[in-house]
Amino acid sequence: MSKLILIDGNSIAYRAFFALPLLSNSSGLHTNALYGFTTMLLKLLEEQKPTHFLIAFDAGKVTFRHTQYAEYKGGRSKTPPELSEQFPVLKDLIRSFGIAQYEQEGYEADDIIGTLTRLADESGDMEVIVVSGDKDMLQLASDKVKIAITRKGISEVELHDPALIKEKYGLVPKQIIDLKGLMGDTSDNIPGIPGVGEKTALKLLHEYETVEGVLSHADELKGKMKEKVVEHADSARMSKELATIFRNMPLEKTWDELVYQGYDGPTLGTMFRKLEFKSLLEKMDFSGSEGAGDLPPKADIQTVEVDDNRVDELVAVLPQVTALHIEVVGDNPHHGEIIGLALLAGDTCYYVPFALVQQGEASAKLRDWLETADKSVAVYDQHRAEIALAWAGIHLRGVSFDALLAGYLLDPTESALWLSGLAAKYGLPTLPADEEVFGKGAKFKVPETAILSEHLCRKVTAIQGLIEPMKRDLESNEMHQLFYELELPLAGVLASMEKKGIQVDTAALKQYGAELGAEIERIVNAIYEAAGTEFNLNSPKQLGEILFEKLQLPPVKKTKTGYSTDAEVLEKLEPHHPVIGHILLYRTLAKLQSTYVEGLLKEVRPETGKVHTYYKQTIAATGRLSSQYPNLQNIPIRLEEGRKIRKVFVPSQPGWSILTADYSQIELRVLAHISQDERLMEAFVNNMDIHTKTAMDVFGVAESEVDSNMRRQAKAVNFGIVYGISDYGLSQNLNITRKDAAAFIEQYFAVFQGVRKYMDDIVQKAREDGYVTTLLQRRRYLPEIKASNFNLRSFAERTAMNTPIQGTAADIIKLAMVQMDERLKKEKLRSRMLLQVHDELVFEVPEDEIETMKVLVPQVMESALKLDVPLKADVDSGLNWYEAK
DNA sequence: TATCTCACG
DNA sequence: ACGTACGTGAGATAG
C-alpha cells in the first residue's frame, strides 16, 4: 500500500504567513512562517512516512481568495509582508526537501487535490492524507482519503476521516458542500443564505440531507426561516456549486513523478543555514554539512519547589542567583496577581509560590534580597514585575539585564517579543508559549504546581541563556549605552510614576458627564427628527444608509465595507443638510462621554480616587512610549469642549499644583540638528516662530507680510516634512490640488536645501544598511525599502525620513525623564513626576517648590542632550491639568 | 475579531 | 498607475 501526502500549498502558505505574528531574520525573510512550514513538513515525514508527496499551488500566481492580504496595505499593527518576494523562498525550501510541486494553468490547488484524491479512491491501493487549512476539503474524505485540517496557525493538525466528520457534524463528507451552500463562507465570498449559520445549516441538513432537499421542503419551515430560504434559494444553489471542488481536471503529472525519495541532508542543511534555523540545524545533524551553530551546551537544570521548610536552603544560595522571573498574570500589572517566582542559581532553579514571599519571617530575607540594589540579576520585563511587586509593597532593585527591553531595542518592530519567541530566535531549547500553559484572556488559569514550576523554571533558564547573546548583539549594534543608561533606568522611573498615579476629581467628572448626557440627549432627538426615523447613531452603517440613501446626500468616499461617514466626509456634506452639523456635534460629545468620562471613571481606583496608567516601553516602532489602562496620552486638548476634561486631573494633596513642561518644536529642532540645514538652524538659534519663518522663506516675503493663511500652510508643510512628505498627503491636509502641493514642496526644498539632502541621504542609507537610527543609536529595520511594490516601498521611505526625527525626540525626553528623576531625589524635592505625553512632562508640586521646579524642569529638559540648536521647554502650573497650559 | 471612527503628539 | 501623510489606544458595532 502506498501513501500520498497532498498539501494544499496556497491555504497552508496563507496560514503560515498571515495567521502568525511575523518575525524576520537578518535577510528580511519571515522566518517563523517558513519555520512553521518546515516543522510541519518534518513532522509529516516522520509520522506518516509517505511514499508519495505533492504540494499543489494555484497556477502561476500567489493569490489568496481571502481578503487579508489587501488589508495589510492599510494596516498599521503589522508591517506588510512582501509576500511575492517571500514566496520563491518557500518554493526553494520545498525543493530542498525533495518534494514535488505542481501547479497547472487555469486550475487551483483545490482542483489538483480533488482530482488526485478521486484517482486514489478509484485505484484502491493508494492511501492519501490531504493537508489544508480549509474545511472545504472535508468533502473529499473517504475510506482512502483523510483530511488534516491545521489549527493554531499551522503548528497542529486534526486528522479527519468520514467517521470523525460524522461525529462532529453528523454529515457524510459530500454533505460538506451542502453545508457551505447553506451557511456560505465569507472568506471565500460564498454568500449562502443570509442569517443561516453553522447551527441552523446542520439542523436543516440533518432533516433534509441536501440543499435541494431543504429547498423542496421549504414550505415545511416556519416564519423568518422559511422567508429566507425561499428568498435566497438561488443563492444557496449557486453557493453549493461554488463550494464543490472540481475533481476532473486533466492531470499532466503521473504517480511516478510524485514518488518521495527523502531529502538530501547537505542540501537541506544549506537551506536551513540560509534561513538561520539554528535549533533545527543542531537537532538534525546533517552529516557532511559544515558550520554547525555555536550554541551553548544545554544545561541540565534541576527544579526545586520551595516551601516553608526549604526557604533557608534558598536564602543560602541567593548570592549565586543570576536570573529571576516573576510571573504576573493579566494584561494590566496594576491589577496583576503575582503567581510565582523562579530563581536560577547555577544549575538549580528554585520555584517560589508568591504567597510564600508575602508572609512569614522565613521569607523576610527573600524580600530583602528582592529590594537590595546590591545584586545583579537578569529578568524578562522588569517594568511589569516592578509594578506588580510595588503593589505588594516590595520595591524591586538590582536588575542588570532585561531580555524584553533588549529584544525591543534589537528590533522595535518585532511583534513576537514573548520570551518563547526570543528563545526560539536565539536557538535556545524550545519554550511553550505562556498561552499554552495559562490559557489566554479571561480564561486564564493557574496550572497545578508541578506544571507551573516547570514552566517558570524553563522561562528563567531561557532568560539566563539570552543574556550573553543579546548583550553581544546590543554591543555590535552600538546600543549598549542606550540600553544600560537610558532604557533600563527608565523602566524603574516609569514604574514609580505609574505606581504614584494621578488624582482624579471623580465628582467633577461625573458632573461633567451628566451635563454631556443632557446635551447628547437633546441632539439625538433633533437628529432623529431631522432624519424622520430613529436609528443607531453609533453605527456607521446605519448612519450611511440614512444619509446617502434616505436623505440622498452625495457620497464623498467609500470604505472597504460601504459609505464612509468620518468627520472629513461630514464636513464636506455640512452645507447640504442641517442634520450634518448635529451629527458632528454628537460624535464629539459621544466620544467625550464614552471614552473620557465613562472610560476614565472605570479606571479610577475607588480607594484612592487615582488612575494608574501603564506605559508600554516596547511597543512603538520609533521608541516612543505608549499608554494604556487608561491612555493618558490622548486626553482632549484641541477643542475647548473636550479640553475641560483636563480640569478633573488634580494634585493628590491639598495646596499642591499641577506643573507641565513641554518641548517647543522638538521634532523640527531635531531635524535642524541632523540635517544641519542652515536656515532651519538659524531660525532656532534666533528663537523665531518656526512656521512664520518657514512662510517667509517659502513665499519669499518679509515677516510683516506673513498672513495667517500663509503661516497655516507653512505649518502644514513643516508637519509634512517631519512625516516624510508626499504631495498627496500634503494636498489632502491643505485641501489643495496635488499639483499645488508638489509646487509647495519643491519651493520648500529649494529654500531648505539641507533638509532635502537629509531626506535623500537617509532614504539612500536605509537602502544600503537596511535600517535607520536615531541620535542615540536606536535602530529600526526597513526591509520593505527594497520592495518592488510601490506602496510598500513608499511607506518605508517615509518611515526612513520620519523615524530618526520622531525617535530622536523620544530619546531626548526619555533622557530628560531619567535625569529629572535623579534630580528630584538628589535635591530632596517632594515634587513628583506623574505623566509623559511624548513632548510634555506633568508633575505635581507643593506650593513651596513651584518656583524651584519652574526653573529646574525646563533646565533639565533643555540640557538633556546637547544639539547644535537650542532645545526649548515651556513651563506652566495651575490647580489642575487644564489650568497648567 | 475585524472595522470604523476619533482622541492625542 | 500606484493611492498615504508619522506614531499610538479605545469604544462601539456587527457578524
Side-chain angles (χ1 to χ4, degrees), chain A residues 67-68 71 73-77 183-184 186-187 194-195 197 412-413 441 536-544 557 559-570 584 587-588 590-600 602-603 613-616 619-639 642-643 645-646 662-663 665-667 716-717 719-734 738 741 745 780 788-807 809-810 813 836-840:
Chain A
T67 54
Q68 273 83 347
E71 283 158 20
K73 291 182 175 179
R76 61 172 184 187
S77 53
M183 67 183 274
T186 43
S187 67
T413 56
N536 188 342
L537 256 171
N538 291 325
S539 164
K541 187 162 172 271
Q542 293 185 29
L543 179 61
K557 71 178 171 184
T559 65
K560 235 181 318 198
T561 53
Y563 305 112
S564 171
T565 65
D566 65 19
E568 193 195 323
V569 169
L570 294 181
L584 280 165
R587 282 261 175 92
T588 307
K591 175 82 175 176
L592 290 173
Q593 182 75 302
S594 65
T595 305
Y596 298 103
V597 176
E598 291 164 3
L600 194 57
K602 279 184 210 148
E603 296 291 344
T613 190
Y614 175 44
Y615 287 110
K616 294 205 111 181
I619 292 290
T622 52
R624 278 188 173 185
L625 299 175
S626 84
S627 160
Q628 300 177 318
Y629 320 125
N631 180 354
L632 294 182
Q633 290 182 321
N634 69 348
I635 302 299
I637 191 167
R638 292 172 190 169
L639 300 175
R643 191 173 194 156
I645 290 279
R646 296 187 170 224
D662 63 297
Y663 279 112
Q665 303 297 346
I666 188 169
E667 293 188 338
V717 173
F719 267 95
I721 293 293
V722 168
Y723 291 157
I725 199 145
S726 74
D727 49 11
Y728 185 85
L730 183 65
S731 73
Q732 289 292 300
N733 191 289
L734 282 178
R738 213 169 106 182
I745 294 167
R780 177 172 181 180
S788 50
N789 178 309
F790 174 87
N791 285 325
L792 294 180
R793 190 178 62 246
S794 304
F795 183 70
E797 286 169 358
R798 293 195 297 275
T799 311
M801 300 184 226
N802 171 265
T803 295
I805 302 171
Q806 194 183 115
I813 195 165
Q836 187 252 43
V837 193
H838 308 306
D839 65 355
E840 173 188 10

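Lettering of chains follows the sequences in order, A, B, ..., and the numbering in each one begins at 1.
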Rounded interatomic separation in angstrom, taking [atom1] from [X] and [atom2] from [N]:
X	N	atom1	atom2	result
A:Ile635	C:dA10	CD1	C1'	11 Å
A:Ile725	C:dC6	CD1	P	12 Å
A:Glu603	C:dG11	CD	P	8 Å
A:Glu598	B:dA7	CD	C1'	16 Å
A:Tyr614	C:dA10	OH	C1'	17 Å
A:Glu568	B:dA7	CD	P	14 Å
A:Lys591	C:dG9	NZ	P	13 Å
A:Glu797	C:dG3	CD	P	16 Å

Answer yes or no: are there more than 12 heavy-atom neighbours, outside A:Phe719 itself, under 6.0 Å from its atom CZ? no
Checking contacts here: which listed nucleotide ([options]) is nearest the side-chain heavy atoms of [X]?
X	options	result
A:Thr799	C:dG15, C:dG7, B:dA7	C:dG7
A:Tyr629	B:dC4, C:dA10, B:dC6	C:dA10
A:Tyr723	C:dC6, C:dT8, C:dC2	C:dC6
A:Ile619	C:dC6, B:dC4, C:dG9	C:dG9
A:Arg738	C:dC6, C:dG3, B:dT5	C:dG3
A:Asn536	C:dT13, B:dG9, C:dG7	C:dT13
A:Asn631	C:dT13, C:dG7, C:dA10	C:dA10
A:Lys541	C:dG3, C:dG9, C:dG15	C:dG15

Is there, by distance only and without an angle test, a donor paired with an acceptor across the side chain of [X] and the base of [N] below 3.5 Å?
X	N	value
A:Ser794	C:dT4	no
A:Arg780	C:dG7	no
A:Gln806	C:dC6	yes
A:Arg798	C:dT4	yes
A:Asn634	B:dA7	yes

Are any of the side-chain heavy atoms of A:Val837 and A:Leu632 separated by less than 4.5 Å? no
Using atom [atom1] in both nucleotides, what's the gap between [N] and [M] to the nearest angstrom?
N	M	atom1	result
C:dT4	B:dT5	P	14 Å
B:dC8	C:dG3	C1'	26 Å
B:dC4	C:dA5	P	14 Å

Between A:Thr613 and A:Tyr629, is there a donor-acceptor pair closer than 3.5 Å when you use the side chain of the first and the backbone of the second? no
Under the side chain to side chain donor-acceptor pair (under 3.5 Å) test, residues paired with A:Gln593 that sit two or more places apart: none
Under 5.5 Å between ring centres and under 30° between planes: does that hold for A:Phe790 against the base of C:dC2? no
Each base of DNA chain C marked ( ) or [ ] if paired in-strand (Watson-Crick or G-U under 3.5 Å), | if paired to another strand and . if unpaired gives .....|||||||||.
Result of checking A:Asp566, A:Asn538, A:Thr565 against A:Arg587 for side chain to side chain donor-acceptor pair (under 3.5 Å): A:Thr565
